[in-house]
2 protein chains.
Amino acid sequence: MQDSHTSETTQKSIEETIVSGILSAKIRPGTRLGENQLAALFGVSRTRVREAMMRLETRGIVHVSPRRGWFVVEPSAEDAIAVYEARRVVEAGLLRGMRVLTDEGSKALDAHLADERNAMAAGDRQRLTYLMGDFHIRIAELSGNAIIVDILRDLTARTILISMLYQSESHAAQSHEGHCRIFEAMRAGDFVRAAALSVEHLDEVEMGLDLTARPDPLSDLRNSLSLPPKTALSAFQQSDPKTTTSKEQ
Amino acid sequence: MQDSHTSETTQKSIEETIVSGILSAKIRPGTRLGENQLAALFGVSRTRVREAMMRLETRGIVHVSPRRGWFVVEPSAEDAIAVYEARRVVEAGLLRGMRVLTDEGSKALDAHLADERNAMAAGDRQRLTYLMGDFHIRIAELSGNAIIVDILRDLTARTILISMLYQSESHAAQSHEGHCRIFEAMRAGDFVRAAALSVEHLDEVEMGLDLTARPDPLSDLRNSLSLPPKTALSAFQQSDPKTTTSKEQ
DNA sequence: TGTGACTATCTTGCATACAAGACAGAAAGC
DNA sequence: GCTTTCTGTCTTGTATGCAAGATAGTCACA
């Protein structure tokens with residue numbers, strides 16, 4: 001029962017662990033999140049697990065199938081379009097409203113882009129996935145507005161799930177260049193252009209998806225059949241570089 | 001006291017009841033939301049109430065003071081600034097990205113503005129508050145993007161809480177005119193101008209606040225002292241047919 | 001009179017028990 | 001052989017019980 005060798009994990013950590021697992025593409029869409037298994041993993045009772053699941057559900061990251069279980073969302077094609085649209089709205093609105101790029105901000109983005117290059121060179125796909133999403137969160141952080149950061153973080157998590165479902169090949173290099181162009185415009189103080197570039201960038205990524213590829217082939221059926229939950233959970237319990245495929249965006 | 005003739009209320013309704021109570025200014029910031037009281041009101045156990053509270057917490061509408069209770073948030077001056085900024089970002093981004101205003105959209109907004117005028121004429125302040133916030137949600141609904149609608153609904157709820165804290169007098173007429181101008185620009189197909197007007201409008205409203213007025217004078221103390229929870233709860237227990245209908249589509 | 005400590009009560013935090021439903025696999029009937 | 005039904009197991013849904021902390025009121029005492 002309570003062989004909780006694991007944690008001491010405090011309150012938020014179930015939620016945060018799952019989100020960051022998604023952000024780094026260690027947890028795939030459709031992954032089953034059993035209450036009992038999570039409870040055992042984190043050394044708490046189901047109550048706390050359920051609380052975390054409910055929070056994640058309101059953040060659009062998890063959904064529940066009644067009496068069947070909790071699953072990481074598998075966004076439909078329509079969902080995917082809506083998520084990208086929401087990101088365009090928020091990110092363009094953010095950049096366009098930006099007035100200055102501070103020195104620290106510039107340094108932070110510069111360092112981030114260097115990280116992207118390093119991860120590309122090293123072929124570290126999980127880290128690359130994480131960084132490609134994180135770039136946009138970093139920009140939000142420049143605004144100092146925690147509300148926008150939260151919104152974009154959740155949208156980014158969904159974006160990554162989408163790319164795992166619909167993106168066949170990685171376009172990391174292309175994305176990186178998009179990021180560089182946005183940064184250039186920001187550094188030049190041309191935030192209107194940065195906003196336009198951001199929209200373009202998101203369009204590019206969205207266009208790189210094959211939204212017809214997967215009309216969601218009876219996912220309910222898949223969920224109940226294919227998943228060995230042990231595997232799914234261990235995927236983010238300890239990171240396994242090989243088995244988890246990563247897509248950028 | 002425990003006249004739980006109320007409910008049959010299904011799952012979501014605790015959450016929705018509270019949110020719509022805020023949207024129509026029937027629940028004030030700082031209102032205590034006792035788990036036991038809500039459980040009695042809705043005829044369920046504390047478990048379900050807690051779930052609703054957790055969800056509302058992640059939506060930024062409620063917060064918990066450990067072992068003291070749940071309270072409707074009382075946004076600080078900094079929070080207020082952040083909320084308005086987030087709204088400018090989202091709403092401007094939304095309008096600027098909009099391409100067409102459909103006939104139904106035009107009709108819906110037109111009808112809404114008529115509602116605003118009627119409420120002003122009737123002096124129905126609660127309904128007016130609701131409508132003033134709902135205008136922006138209606139615009140989001142035009143986009144057909146549920147994600148953006150949800151984001152703006154929660155931001156609007158917080159906006160209303162902010163106005164209850166920091167806005168001494170109503171500027172309904174001014175707001176209404178702002179809405180009309182935005183609608184005009186939209187109808188003319190000039191969404192860039194609509195976006196600019198929207199930013200202006202939000203600036204105006206924000207400027208109408210007295211953010212120094214209330215440096216949050218020991219809210220913890222206030223919470224525990226002043227509230228007769230009975231009153232606060234009954235404020236949204238009895239539903240007022242006119243003001244609560246307010247459909248979601 | 002004023003101040004400090006103590007206790008009674010009320011609150012949430014968390015775990016657990018049990019109910020209800022869904023699913024998988026075996027058994028039975030055709 | 002194929003289909004149908006039944007049953008055992010596993011899952012979440014919900015309520016409840018108890019612990020821990022916070023608050024308010026009271027009482028003792030200087």
Side-chain angles (χ1 to χ4, degrees), chain A residues 1-4 6-15 18 30-58 62-73 218-230 232-233, chain B residues 1-2 4 7-15 18 30-58 62-73 218-230 232-233:
Chain A
M1 281 312 189
Q2 47 255 55
D3 52 351
S4 62
T6 332
S7 29
E8 297 317 301
T9 52
T10 61
Q11 308 192 358
K12 288 262 160 186
S13 66
I14 300 177
E15 212 178 327
I18 290 174
T31 300
R32 185 198 161 88
L33 301 171
E35 293 182 2
N36 286 319
Q37 296 158 56
L38 288 173
L41 266 177
F42 286 87
V44 297
S45 80
R46 279 179 51 220
T47 306
R48 308 258 316 256
V49 173
R50 278 181 71 79
E51 289 174 358
M53 291 298 111
M54 307 257 171
R55 287 199 171 95
L56 287 175
E57 191 181 34
T58 82
V62 147
H63 80 112
V64 63
S65 175
R67 311 254 180 206
R68 298 231 359 263
W70 296 89
F71 301 90
V72 175
V73 293
L218 297 181
S219 70
D220 291 51
L221 206 142
R222 263 190 54 260
N223 284 333
S224 45
L225 294 184
S226 64
L227 290 207
K230 269 284 293 299
L233 286 174
Chain B
M1 199 53 140
Q2 54 256 52
S4 63
S7 40
E8 303 309 303
T9 52
T10 61
Q11 308 190 359
K12 289 261 161 185
S13 65
I14 300 178
E15 213 178 327
I18 290 173
T31 301
R32 183 199 164 96
L33 301 170
E35 292 183 4
N36 285 320
Q37 295 159 54
L38 288 173
L41 266 178
F42 286 87
V44 297
S45 79
R46 279 179 50 219
T47 306
R48 309 253 323 251
V49 173
R50 279 181 70 79
E51 289 174 359
M53 291 298 111
M54 306 259 170
R55 287 198 168 96
L56 288 175
E57 191 181 32
T58 84
V62 146
H63 80 112
V64 63
S65 177
R67 313 252 180 207
R68 299 235 354 266
W70 297 89
F71 301 90
V72 176
V73 293
L218 297 183
S219 70
D220 290 51
L221 207 140
R222 262 190 57 258
N223 283 333
S224 45
L225 294 183
S226 63
L227 290 209
K230 267 286 292 296
L233 288 173

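Atom set for the values below is all heavy atoms of this structure, side chains included, hydrogens, waters and symmetry mates excluded. These numbers come from a predicted model, not from an experiment. By convention in this document, chain letters (A, B, ...) are assigned in the order of the sequence lines, proteins followed by strands, and residues within each chain are numbered from 1.
Taking each heavy atom of B/R68 and B/R32 in turn, the nearest pair found is O-NH1, 3.2 Å. Residues A/A39 and A/R46 come closest through the heavy atom pair CB-N, 4.0 Å. Residue B/M53 comes nearest to B/L38 through the heavy atom pair CE-CD1, 3.6 Å, listed as atom of the first residue, atom of the second, then distance. Of all heavy-atom pairs spanning B/S65 and B/F71, the tightest one is CB-CE1, 4.0 Å.
For A/M53 and D/dT11, the CE to P distance is 15 Å, given to the nearest whole Å. When rounded to the nearest whole Å, the span between CD of A/E35 and C1' of C/dC14 equals 15 Å. We find that CD of B/Q37 is positioned 11 Å from C1' of C/dC10, with the value rounded to whole Å. Atom pair B/F42:CZ and D/dA15:C1' shows a separation of 18 Å (rounding to whole Å applied). Rounded to whole Å, atom C1' of D/dA15 lies 14 Å from atom CD1 of B/I14. In this structure, the CZ atom of A/F71 is 11 Å from the C1' atom of C/dA22, given to the nearest Å. Per the geometry, CZ belonging to A/R32 stands 11 Å off P belonging to C/dC23, to the nearest Å. One interatomic measurement links the two molecules: CG of B/L38 to P of C/dT12, which rounds to 9 Å at whole-angstrom precision.
Atoms CD and OG, from B/E51 and B/S45 in turn, are 8.0 Å apart once rounded to the nearest 0.5 Å.
Residue B/V64 places its side chain closer to C/dG13 than to any other of D/dG13, C/dT11, C/dG13.
Remark: B/R68 is not in phosphate contact with D/dA20, judged by side-chain N or O atoms under 4.0 Å from OP1 or OP2. Taking side-chain N and O atoms only, A/S45 has a distance below 4.0 Å to OP1 or OP2 of C/dA15. Between C/dG13 and A/R48, no contact under 4.0 Å exists linking OP1 or OP2 to a side-chain N or O. The side chain of B/R50 places no N or O atom within less than 4.0 Å of a non-bridging phosphate oxygen (OP1 or OP2) of C/dT12. Dashed line: the shortest gap from a side-chain N or O of A/R46 to OP1 or OP2 of D/dT12 is not under 4.0 Å.
Residue-to-nucleotide proximity on DNA chain D shows that, of A/T47 and A/R67, the 5′-proximal contact is made by A/R67. Comparing A/P66 and A/E51, the nucleotide of DNA chain C nearest to each residue sits closer to the 5' end for A/E51.
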